[in-house]
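Below is one structure; the comments refer to it alone.
Just so we're on the same page: letters track the sequence lines, and every chain starts at 1.
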Amino acid sequence: MRRHPLSFCLSRAGIFLIALCLLAPIVVVLVISFSADSYLRFPPSSFSLRWYQRFLGDQRWRDAMVNSAVIGVMASLISTTIGFFAAYALLRARHGIVRGLEPVFLLPLIVPHVITAIGLYFVSGKLDLIGNRAWVAAAHSVLAIPVAYIIQQSALKAMDPALERAAMVFGCSRLQVLRRVTLPLAFPAIASAALFSFLTSFDEVVVTLFLAGVKAQTLPVRIWNSLVLEVEPTIAAVSSLFIAVTFLVLMLNRALRISRS
Amino acid sequence: MRRHPLSFCLSRAGIFLIALCLLAPIVVVLVISFSADSYLRFPPSSFSLRWYQRFLGDQRWRDAMVNSAVIGVMASLISTTIGFFAAYALLRARHGIVRGLEPVFLLPLIVPHVITAIGLYFVSGKLDLIGNRAWVAAAHSVLAIPVAYIIQQSALKAMDPALERAAMVFGCSRLQVLRRVTLPLAFPAIASAALFSFLTSFDEVVVTLFLAGVKAQTLPVRIWNSLVLEVEPTIAAVSSLFIAVTFLVLMLNRALRISRS
Amino acid sequence: MSAAPAAIALDRITKTYAGTHAVNDLSLEIGTGEFFTILGPSGSGKTTTLSMIAGFVMADGGRILLNGKEMTQEPPQARGLGMVFQNYALFPHLNVFENIAFPLRVRRFADKEVKTRVLEVLSMMSLIGFETRLIRQLSGGQQQRVALARALVFAPSVVLMDEPLGALDKNLRYQMQNEIKELQRKLGTTIVYVTHDQEEAMNMSDRIAIMDKGKVAQVGPPREVYENPRTAFLAKFLGEANLVPAKLRAGAVETPMGAFPVPGAPAGGEGEGFFFIRPERLVVAREPSGEVHAKGSIRAISFLGNVVRYRVALGEQEVTSEMTSGRGDLGLGLGDAVAVSWAPDDGRWLAE
Amino acid sequence: MSAAPAAIALDRITKTYAGTHAVNDLSLEIGTGEFFTILGPSGSGKTTTLSMIAGFVMADGGRILLNGKEMTQEPPQARGLGMVFQNYALFPHLNVFENIAFPLRVRRFADKEVKTRVLEVLSMMSLIGFETRLIRQLSGGQQQRVALARALVFAPSVVLMDEPLGALDKNLRYQMQNEIKELQRKLGTTIVYVTHDQEEAMNMSDRIAIMDKGKVAQVGPPREVYENPRTAFLAKFLGEANLVPAKLRAGAVETPMGAFPVPGAPAGGEGEGFFFIRPERLVVAREPSGEVHAKGSIRAISFLGNVVRYRVALGEQEVTSEMTSGRGDLGLGLGDAVAVSWAPDDGRWLAE
């Protein structure tokens, strides 16, 4: 038997405590969503599914879900494509000028979202695009491109460059190398990038609040807006569904990775 | 001379175009901040520093800046310490139970901020902590711990384990190994973690909006709130200052990295 | 066995990872002042064994004694060993002086004593003048010397070395082998050396242990292990070997090349195995020159610098002969009919 | 020179990275069907040279001709070469069959033709039955064979090999050397082989080019390069060498060990340089046995298996002798007074 000194036990207890703190907010939301009380209260006095029923029965909530899904898919397609293209081009660029653009692709990760939101708002107002779903998707892409870029860039970087050289030696043109070797090998990363771009759009509040207007309200924005008016456990129910979708997407990503290795 | 096929030129133009799109929102904000117009308008008809003056002359804006700084520093200290401790303990844990906690430390990155915000709000309301700066800092730490954890964990992982073994062979106890070898070698990562945790707190809007009340308003929340009332270029000036602080912190991080290698 | 305890005694140690034995019931005694090498293919358990001696890995069963003291469950810092790591494991945040002083600082030696001792090993390792350099400013060979100096500065009675020369190029490697060997002789330190390079092992060691599948397959001085391997695996692992499938019958071996007497083969025994002979013991010439020989034809000739290697087809069987490259060659070409001759003493019988 | 163009002609090619010459004004001609090896220390430019032949890297100056056709600026896919990469570079998303079929698919061969050709090389490489395996399900040796099969399936006249055996262990490595060599002889393919392993280079090559600092230091058949190196660097790089600082005076060399006649030394020349002799040409014994000898004492004896290495101190100078390990040893011990003898023909004069 190995000895467990006091310091070991203390550090273990500490780790569990911190993990608990990080879990707490989510657990609270999940528990409240199953409350049978008619107002927000923790812990609930009894449990029911009434808030889920209310949520699903409400046209405005259903619209918000459709908006979230449509905008998320569009943003995911745009960001994944542009992210792949940028990662591929920047990795292969030998010249200083193009290489120097890399920080620009990471910029929206670094610049506070409020700032990006304000900037986009100014632009959208001028172009009369507030409430346009495609425009919201484009705005989300600004935030999702860095995510898609990083995921795909690190996969392309990790790829043995000898594989592309081998394809060339054995007769492939640049385009054939891309189609026969690079794309198939990068597929897991492309799928990951698509899923995480979707989540980025799906979770976004700040930018969407400015641009969505009434027509293109997404789920988190609807949660936000309704918080001001109707502080009732419906929001906890919506939030729980929201968490469920997020985890579903992550599980999908995981399953894809595992099936490929 | 090397040949530049058409595809090469097209791809280059594409990269520059995308980079421009990503830069646009920030550039717009910066330009407007120097406007001399008395209302939001892009491009401005003439330039001045009036909005910066207005910003600096306003007690409420100054309070917000102090709040942001104080809360940011507290959150940075909390997250960096806990992140290091967690990364160190999890990397060394051989047992399944502790190892299995890793996803929990990344959770707040994955769960939408609105959800975390709602969860924390429920908790805070019950404990009557709305408007308490230390509590806002603690809430920000929930979001910053994953960042601090990832940065420090990857640095500790990249460290040659033979270095710690060498220290042990040559007579160090576990604590001496930490003090003489691990901490000095992890220093650049610890500094990075502190800076990025600060930025995470400094940029946070969603959670802060719920928890800050009137007393603990941070800069981005003040921007947000004032957007509803006084849509004038002061906000652009504040935003520009905000961007400046962000970049300052990043430059500091970069300088630290370079000086160590 | 002498009255003094062995520098290192491993008594039936075992280590299991995920159900498979990395080290399996291994016993070894290493004498004081001995240069002892553990050699083996990757995955044979040689690194795990060294890690258990150092205390990085705790044995699941068995005992480890250092200079007679039970150390099986003690942490590394209690064992008082010196060690040279595979990639040196020098501290990148300390300069050369502080790297070497590290074991003394931890032991709370007075500054003056630290300085005296460090300067002493610095001069021993020809590193005077490098004190304030950072590790990354040193060449591979210099880093090697610093690692060696750090392992020796507190005069440990046992020093462990884990492939310390693996990162150096051929010429430097050979030079360092000789330096380490001379240093060890001078200081009387016990060295446990792990390597996969057989030439290095034979060049430096008093005794070699060859490991295979978590066990010691054979231990002994280099010449003994080379000349009298116990199994076909050992014969092939250390040096080049001709292993001709053979049957033992009445003290002689029957091979596809013919039947020969073999010294040391069990007189009455019968069985299947190999007739084993080293390439350098086979002489290729147009006419037979030894007491025993077989006839065949040349399949390949390779000039390898100091030796010329002939592959000779003897019916279905092929054997390899290595002869010192003389001035000019023997005038032999591909396909030439030749005789392969050897002294009866040079062949061995190996029962699998 | 024959009328047929060389398989590969490099005409004064140069490649500069960040101001330093990786390859500097290099010219080489490689004949059709030749097994040509480029050997050199790391950073000598051997990999850059191979990359320029393959077309991965474009030369800054000079011309590259393949079978007489100018290819200097052509992309890799236009050059029609076969290649075996250092870590094989097999496509992990394709099975063994499709990996080998890759060059044929790209060339739009009909399915039937693809099948015939792939099966042919599969059987040549003893890989029948592995068609549907994925690459990660193969051992290192099997991956090596697949890489070789893919390089040969479209019958290219030139195949480039970049340290193809670097990842294999000693025994497999030697076996693959012989297989590749036999295959090349059978198919008549021109092979350009890059390695840092000298034994491998000497075992396989028709000619070896040794590179140093971006230039070819010497080209020739293995025996010629080994026996008549042009510089001290070459003598030390290929094989072991004794290099004794010496002065040339009137056709004889003066060394700390004495003065000797040396064949091939410029008769009237004078200068500083080295007296060079291979360790295997030095005989150590109690009494002198050759025409030339020097007296000294034994400093170290190492048993290395097939040879025994003696280090002998001759005054200030130390020389190394390597002799085949016989049965028993010569009865020599450390410190014994001995004579080192050699034939006058075996020594060389090297002017730096």
Side-chain angles (χ1 to χ4, degrees), chain A residues 7 11-12 14-16 18-19 21-29 32 40 42 82 85-86 89-90 93 98 101 104-105 107-108 110-120 122-123 125-126 142 145-146 174-175 199 202-203 205-206 210 220 223-224 227 235-236 239 242-243 246-247 250, chain B residues 7 11-12 14-16 18-19 21-29 32 40 42 82 85-86 89-90 93 98 101 104-105 107-108 110-120 122-123 125-126 142 145-146 174-175 199 202-203 205-206 210 220 223-224 227 235-236 239 242-243 246-247 250:
Chain A
S7 69
S11 87
R12 253 189 124 166
I15 288 283
F16 276 102
I18 296 161
C21 288
L22 294 177
L23 269 174
I26 297 153
V27 172
V28 168
V29 168
I32 289 182
L40 280 176
F42 187 84
I82 291 181
F85 176 70
L90 286 191
V98 176
L101 286 177
V104 174
F105 281 85
L107 210 57
I110 292 159
V111 171
H113 283 197
V114 200
I115 308 296
T116 312
I118 293 173
L120 283 167
F122 289 163
V123 177
K126 269 191 92 73
V142 170
I145 283 172
R174 284 202 158 229
L175 217 64
L199 279 189
F202 195 68
D203 294 352
V205 197
V206 181
F210 280 87
I223 295 177
W224 183 271
L227 268 175
I235 286 163
S239 299
F242 204 53
I243 296 175
T246 305
F247 276 88
L250 286 174
Chain B
S7 70
S11 87
R12 253 188 126 165
I15 289 282
F16 277 101
I18 296 161
C21 289
L22 294 177
L23 270 174
I26 298 153
V27 172
V28 168
V29 169
I32 289 182
L40 281 177
F42 187 83
I82 291 181
F85 176 69
L90 286 191
V98 176
L101 285 177
V104 174
F105 281 85
L107 210 57
I110 292 158
V111 171
H113 282 197
V114 200
I115 308 296
T116 312
I118 294 172
L120 285 167
F122 289 162
V123 178
K126 269 192 92 74
V142 171
I145 283 172
R174 284 202 156 230
L175 217 65
L199 279 190
F202 195 69
D203 295 352
V205 198
V206 181
F210 279 88
I223 294 176
W224 183 272
L227 268 176
I235 285 163
S239 299
F242 205 53
I243 296 175
T246 305
F247 276 89
L250 286 174

For the CD1 atom of A/Ile32 and the CD1 atom of B/Ile118, what is their distance to the nearest 0.5 Å? 9.5 Å
What closest approach, in Å, do B/Val28 and A/Gly119 show between heavy atoms, and which atom pair accounts for it? CG1-O, 4.4 Å
At a heavy-atom separation under 4.5 Å, does B/Ile15 approach chain A through its side chain, its backbone, both, or neither? both
Answer with side chain, backbone, both or neither: which region of B/Leu120 has an atom nearer than 4.5 Å to a non-hydrogen atom of chain A? both
In terms of heavy-atom proximity below 4.5 Å to chain A, should B/Ile145 be classed as side chain, backbone, both, or neither? side chain
What residue, out of B/Asp203, B/Ile243, B/Val205, has the most heavy-atom pairs lying under 4.5 Å from chain A? B/Asp203
Provide the closest heavy-atom pair for B/Leu22 versus A/Val104 in the form atom of the first, atom of the second, distance. CD1-O, 3.9 Å
Contacting moiety of B/Phe202, where chain A heavy atoms sit under 4.5 Å: neither
Between A/Thr116, A/Leu107, A/Ile18, which has the largest tally of heavy atom pairs under 4.5 Å with chain B? A/Ile18
The interface call for B/Val206 against chain A, heavy-atom contacts under 4.5 Å, is both
Using a 4.5 Å cut-off on heavy atoms from C-beta on, say whether the side chain of B/Ile115 contacts that of A/Thr246. no
